[in-house]
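Structure record follows, encoded as structure tokens.
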Amino acid sequence: MQKAVRALLLTTALLSAGTIAARAETPDVVVSIKPIHSLVAAIMQGVGEPALIVEGGASPHTYALKPSNAAALQDADIVFWVGHGLEAFLEKPLEALGDKATVVELEDAPGLEKLPFREGGPFEAHAHEGEDGHDHAHGEEGHDHDKEAEGDHAGHAGEAGHEGHEHGAFDMHLWLSPDNARAIAAEATRVLSEKDPGNADAYKANLAALTEKLGTLDKEIAATIAPVKDKPFIVFHDAYQYFEHHYGVNTAGSITVSPETMPGAARLTEIREKVKTLGATCVFAEPQFEPKLVNVVIEGTDAKSGTLDPEAATLEPGADLYFTLMRSIATSLRDCLGQAS
């Protein structure tokens, strides 16, 4: 009996030591924003927990790095971020890391759909606003505008005159398509498996489970918004192109292209007229930015107001956040557009 007990204790001690050793070898992972953190956390479930930089209700568009963030970056083995066009505040800190950490710019992940910034009509909000004189709302031209913009945009994206844009040639809100979420998760799995081969099987199993869940989510969201997908609406900033492109919803314009550049009185008047002429039924605010602007836009119109949260400012971080985020957008669209005439 005593031998059996000693053997059991020895086995338990060896297993505990093995677990501690495995945890010690798990890389320190840092992720820039909540939606990406959620996908990485899902891949790392059962292995480790990634750290998050942009916490709470902060926005990557206006974020200032904290000392605790800098310390996390200094200790990091792997850093996942979207790229220069979104988290500009990370550019210099990541350069300072040198070769110490593997820095993964997810805008370069294989299989991503990348859409160019939109310009013209209701989506234009920068130095040469309105110069083409044309409206490109989806109610008039459908998704052909995206293709047209790609040709027009490629030659001058990122030029100095684009004060209203985030940096770079592409819309960086890549995660708002479940197809892109799968591509981001697959790239995270590849990097984690390469850096931590001892846990590669766990990462790959988690990717398979996540991919299945994303497929289910995709069908659920399509069903949620089906009754209202043709109704036009206005958003606070042009962050929803990937959601729109994937699900075929009818975004008629944005109050501003980038929340870094607040719209002036002339822009707000212009958008109010767009709400009237395009028949936009809802105008959506975002939790991090001034809701009074939406009230100004809908004043004197029949439009309703709602809130969309593309960067998950109001959500608790974790592996389930991505699913809550996407469902929340779909539900907010359905609820507001469903009550609009």
Side-chain angles (χ1 to χ4, degrees), residues 23-24 26-45 47-109 163 165-168 171-176 181 184-185 187-188 191-192 195-196 236-237 239 256 258-262 285-291 307-322 324-325 328:
R23 286 177 180 168
T26 302
D28 287 326
V29 179
V30 177
V31 188
S32 59
I33 60 171
K34 286 181 179 178
I36 305 303
H37 177 269
S38 177
L39 296 170
V40 175
I43 298 303
M44 293 186 70
Q45 276 189 321
V47 178
E49 184 70 35
L52 172 65
I53 293 179
V54 183
E55 298 180 304
S59 168
H61 301 285
T62 55
Y63 193 73
L65 201 69
K66 298 176 182 178
S68 58
N69 302 144
L73 288 173
Q74 283 296 327
D75 293 337
D77 298 306
I78 304 172
V79 180
F80 292 104
W81 67 318
V82 179
H84 301 272
L86 186 73
E87 311 102 319
F89 72 92
L90 274 177
E91 290 180 0
K92 290 182 179 178
L94 291 179
E95 287 176 8
L97 291 178
D99 296 330
K100 182 182 180 300
T102 298
V103 177
V104 183
E105 196 165 356
L106 288 166
E107 69 166 309
D108 296 328
E163 294 99 335
H165 283 311
E166 295 145 20
H167 311 290
D171 184 338
M172 297 295 281
H173 300 86
L174 302 159
W175 60 89
L176 291 179
I184 289 167
E187 179 66 356
V191 174
L192 286 164
K195 295 297 179 182
D196 182 19
F236 177 75
H237 89 288
T256 182
S258 170
E260 294 169 345
T261 306
M262 290 296 103
E286 291 179 20
Q288 308 102 309
F289 303 108
E290 182 54 70
T307 302
L308 298 175
D309 187 8
E311 292 155 8
T314 60
L315 302 180
E316 287 297 314
D320 293 330
L321 174 143
Y322 182 81
T324 305
L325 167 65
S328 175

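Heavy atoms only: backbone and side chains are in, while hydrogens, waters and symmetry mates are out.
Between L176 and A239, the shortest heavy-atom distance links the atoms CD1-O, 3.2 Å. Heavy atoms only, all atoms of each residue included: S59 and E311 are closest at OG-OE1, 3.3 Å. When every heavy atom of P93 is checked against every heavy atom of L73, the shortest pair comes out as CB-CD1, 4.0 Å. When every heavy atom of K34 is checked against every heavy atom of L315, the shortest pair comes out as NZ-O, 2.7 Å. Shortest non-hydrogen contact noted between E187 and L106 is CG-CD2, 4.0 Å. Closest heavy-atom contact between M44 and P50: SD-CD, 3.9 Å.
Counting heavy atoms from C-beta outward, K195 and T102 have side chains that approach closer than 4.5 Å. Counting only heavy atoms from C-beta outward, the side chains of I36 and W81 never approach each other to under 4.5 Å. L174 is listed as a side-chain neighbour of E107, based on a closest heavy-atom distance under 4.5 Å. Two residues are said to be in side-chain contact when any heavy atoms from C-beta on lie closer than 4.5 Å; W175 and L325 meet this criterion. At least one side-chain heavy atom of I53 sits less than 4.5 Å from a side-chain heavy atom of L65. Inter-residue side-chain proximity for L192 and V47 is flagged as unmet; no heavy-atom pair is nearer than 4.5 Å. Contact annotation: the side chain of L90 never approaches that of V79 to less than 4.5 Å [non-hydrogen atoms, C-beta and beyond]. Residues E55 and P317 are not in side-chain contact: their nearest non-hydrogen atoms beyond the backbone lie 4.5 Å or more apart.
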- prompt: Given I78 and D196, is the side-chain contact (heavy atoms from CB on, under 4.5 Å) satisfied, shown in steps?
  reply: CA-CA 11 Å; I78 304 172; D196 182 19; over 6 Å; no
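Atom CG of D309 sits about 13.0 Å away from atom CZ of F236, to the nearest 0.5 Å. The distance from the CG atom of L308 to the CD atom of E286 is 7.0 Å, given to the nearest 0.5 Å. Within the model, atoms OG1 of T26 and CD of E49 stand 12.0 Å from one another, a figure rounded to the nearest 0.5 Å.
Atom NZ of K100 has more than 12 neighbouring heavy atoms from other residues, nucleotides or ligands inside a 6.0 Å radius.
At least one donor-acceptor pair closer than 3.5 Å links the side chain of E87 to the backbone N or O of G83. The backbone N or O of D77 lies less than 3.5 Å from no partner atom in the side chain of D28, so there is not a single donor-acceptor pair.
Between H173 and H61, the ring planes lie tilted relative to each other; the angle falls in the 30° to 60° range.
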